[in-house]
There are 2 protein chains.
Amino acid sequence: MGKPNGVPAPAVRRLSLYLRQLESLAGRQQSTVSSRQLGASLDLTDAQVRKDLAYFGQFGHPGIGYRVEELIVQVRRILGTDKSWNVLLVGMGNLGRALMSYRGFAKKGFHVVAAFDNDASVIGQTVDGPRPIVVQRMEDMAKTVKSLNIRLAVLTIPAGEAQDVADRVLAAGVRGILNFAPVTLRKADCAVAAVDLAVHLEQLSFRLAGGDA
Amino acid sequence: MGKPNGVPAPAVRRLSLYLRQLESLAGRQQSTVSSRQLGASLDLTDAQVRKDLAYFGQFGHPGIGYRVEELIVQVRRILGTDKSWNVLLVGMGNLGRALMSYRGFAKKGFHVVAAFDNDASVIGQTVDGPRPIVVQRMEDMAKTVKSLNIRLAVLTIPAGEAQDVADRVLAAGVRGILNFAPVTLRKADCAVAAVDLAVHLEQLSFRLAGGDA
DNA sequence: TTTTGTGAATTGCTTCACAGCA
DNA sequence: TGCTGTGAAGCAATTCACAAAA
C-alpha cells in the first residue's frame with residue numbers, strides 16, 4: 001500500500017506547490033494545464049513537472065496536458081489531504097494564537113482541535129479560532145490525543161522547552177511535529193518539519209550581502 | 001569581494017543551523033566543537049559539516065576542532081548578520097502582529113522598524129513590538145524605506161494581494177522578501193524566501209500517509 | 001500539431017578516505 | 001592520537017531529447 005520509495009524529497013515538496021497552483025487555476029475555471037504552464041508559474045521546467053508527477057502515476061493526457069480537477073484529486077490523495085487531520089497546538093504565545101486563527105490550515109483539511117500551555121494563567125482560557133477552544137494542561141494531552149484522534153502537533157514554544165515538549169507530545173501518541181522553535185529536535189522515528197523564521201531572514205541577508213549577486 | 005559562486009544552496013541553508021547550534025554551545029560555555037559533534041546535533045555527517053564550512057574559508061584547527069566564538073563571528077559575517085538589518089512588515093493581521101513582537105528576529109539582528117496595511121481602520125494604530133510602531137499607509141512606503149534604509153520586507157497578507165504588494169515593496173527599494181502568502185511570487189531579480197505554513201503540514205501528512213514509512 | 005512519459009546524459013551534492021598538521 | 005581540509009568516488013536530482021499518443 002505504501003508508494004515506491006524512489007521518490008526524491010524535493011519532488012514531494014514541489015507536489016504541495018503544484019497543488020496550490022492547481023487550486024488557484026481551478027478557481028479561475030481553467031480546466032486543463034500543460035507541464036510547461038504549471039512549471040512556468042512556479043519557476044520550474046516542464047520536464048521537472050512531468051518527472052515529479054510521473055513518480056506517482058500517469059496523470060497527463062498527451063496533446064492536452066493535465067485535467068486540473070482530476071489532478072487535484074490525485075495530488076490530494078498522494079499527500080494524504082483527501083482526508084482531514086486533527087492537530088494540536090502547544091504554546092499559546094503570540095505566534096500560537098495567530099496560528100489558531102489561521103484560515104490556511106482548515107482550507108487544506110488541517111483542524112486545530114486542542115491547545116496546550118504550561119502557564120497556569122493561560123490554562124482554562126478560551127482562544128479564538130474556526131471553533132473557539134479551551135487551553136488545556138499538558139497533563140491532559142495523552143487523553144485528548146486519544147479521544148480526538150490527533151496525529152499532528154504544532155509547537156510554538158521557546159527553544160529551551162522544545163525537546164521536552166516534543167518528547168511528551170510523541171509519548172501522547174502524536175506522529176508528526178511542525179516545529180517553530182529554533183532548535184533541531186532529536187526525533188525518535190517520527191516525522192518532523194521545522195520552520196525557523198530567523199533562518200529564513202538569514203538566507204535573504206546572505207544573498208543580499210554578496211552571497212551570490 | 002563577493003564569495004565564489006560554487007557554493008551549493010543546501011550548504012548555505014545549513015550555515016544558519018550551524019550558527020544556531022554554535023550560539024547554543026557558546027551559551028553553555030563550550031569553547032571548541034568538532035565537526036562530528038556539530039554534525040551529530042543536527043543529524044549531519046562530520047564530512048558534511050567540514051565541506052560546508054570549507055566553502056567559505058579555513059576555520060578549523062586540526063586536532064582541536066572549531067573554536068566556537070571564533071566560528072560564530074565568521075558565520076555571522078558570511079551570512080551578513082554581523083550588521084543589523086532594518087525590516088518592514090506588510091499585513092497587520094494575526095500573523096503580522098505576532099511577528100511584530102517575535103523576539104527571535106531582533107536576537108539575530110533583524111529589526112522591524114515599519115509596518116503597513118491597506119485597511120483604513122488599522123492605519124494609524126500603534127502595534128506592539130520591541131519598539132511600538134504606528135501602522136502606515138502603503139503610499140508612504142517609498143519614503144519610509146529610503147529614510148530608514150530598509151532592505152527586507154516580510155509579507156503577511158492574503159494570497160490575492162501578494163503579487164501587487166511585492167511589486168510595490170520592490171519599487172519602494174526593498175531588496176529581499178520573506179513571503180508568508182501561499183503563492184509563488186514572480187520575482188524581478190530580488191531575493192525571495194517563502195514560508196507556506198500549510199505546505200509544511202502537507203509534507204507531514206504525506207510522510208504519515210504511506211509516503212515513506 | 002501539441003504534449004506526455006521516460007531512458008540517457010548531465011549536473012550537482014554528499015560521502016569516502018587519506019595526507020597533513022597539532 | 002584526534003581532527004581538519006580536500007581530491008576522488010559515488011549517489012541523487014535535473015535536464016535533455018525523442019517515441020508515442022491525441
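Not measured: the values here are computed from a predicted model. Quick note on labels: first sequence line is chain A, next is B, and so on, each numbered from 1.
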Practice item. Measure from CZ on Arg67(A) to P on dT4(C) and round the result to the nearest Å. Key: 12 Å

Point to revise | Full working for side chain to side chain contact (heavy atoms under 4.5 Å, CB included) between Val90(B) and Met141(B) | key: CA-CA 10 Å; Val90(B) 187; Met141(B) 195 181 286; 4.0 Å; yes

Protein N or O to nucleotides 20-22 of chain C N or O, pairs below 3.5 Å:
unit_1: dA22(C); atom_1: O4'; unit_2: Pro62(B); atom_2: O; d: 3.4

Study note, to complete from the structure: Per-nt protein contacts along nucleotides 7-15 of chain D (heavy atom under 4.0 Å; B base, S backbone sugar-phosphate only, - none) come out as BB----SBB

Point to revise | Whole-Å distance separating the CG atom of Asp43(B) from the C1' atom of dT14(C) | key: 15 Å

Review point. Within this structure, what is the CG-to-C1' distance between Leu71(A) and dG5(C), rounded to whole angstrom?
Key: 14 Å

**Study point:** Beyond-backbone contact of Leu53(A) with Tyr18(A), side-chain heavy atoms, under 4.5 angstrom
**Key:** yes

Check your understanding: Is there side-chain contact between Glu23(B) and Arg76(B), with at least one heavy-atom pair below 4.5 Å?
Key -> yes

Exercise for review: Please test Leu25(A) against Ile72(A) for side chain to side chain contact (heavy atoms under 4.5 Å, CB included), starting from the C-alpha separation and ending with a verdict.
Suggested key: CA-CA 10 Å; Leu25(A) 293 172; Ile72(A) 286 175; over 6 Å; no

Point to revise | Side-chain N,O (Tyr66(A)) to OP1/OP2 (dT2(C)) below 4.0 Å | key: no

Exercise for review: Estimate the overall bend of the helix from dT1(C)-dA22(D) to dA22(C)-dT1(D) from the end axes over five pairs each, rounded to 10 degrees.
Suggested key: 10°

Check your understanding: Which whole-number value in Å describes the distance from Gln58(A) CD to dA20(D) P?
Key -> 15 Å

Point to revise | Salt-bridge present (Glu161(A), Arg168(A); N to O < 4.0 Å) | key: no

Practice item. Only one of Ile64(A), Leu22(A), Val49(A) passes side-chain contact (heavy atoms from CB on, under 4.5 Å) with Val33(A); say which it is. Key: Leu22(A)

Practice item. For DNA chain D, find the residues of residues 32-41 of chain B with a heavy-atom distance under 4.0 Å and give them by number; none if there aren't any. Key: Ser34(B), Ser35(B)

Check your understanding: Heavy atoms, side chains only, cut-off 4.5 Å: are Val165(A) and Phe116(A) in contact?
Key -> no

Review point. Given side chains that start at C-beta, do those of Leu19(B) and Glu202(A) come closer than 4.5 Å, heavy atoms only?
Key: yes

Exercise for review: Nearest whole angstrom, please: distance from the P of dG5(D) to the CZ of Phe56(B).
Suggested key: 14 Å

Point to revise | Partner residues of Phe105(A) under the ring pair (Phe, Tyr, Trp, His ring centres under 6.0 Å) criterion, sequence neighbours left out | key: Tyr102(A)

Practice item. Can you spot which of Thr45(B), Leu44(B), Asp46(B) makes a side-chain contact (heavy atoms from CB on, under 4.5 Å) with Arg36(B)? Key: Asp46(B)

**Study point:** Pairwise side-chain contact, Thr184(A) with Arg20(B), heavy-atom cut-off 4.5 Å (strictly under)
**Key:** yes

Study note, to complete from the structure: Assign each of Asp46(B) and Arg50(A) the nucleotide of DNA chain D bearing its closest heavy atom; nearer the 5' end lies the nucleotide of Asp46(B)

Exercise for review: Any pair with a residue in residues 82-105 of chain B that passes salt bridge (Lys or Arg N to Asp or Glu O under 4.0 Å), sequence neighbours left out, goes on the list, sorted by first then second residue, please.
Suggested key: none

Check your understanding: Looking at side-chain heavy atoms only, is the closest gap between Leu204(B) and Arg151(A) below 4.5 Å?
Key -> no

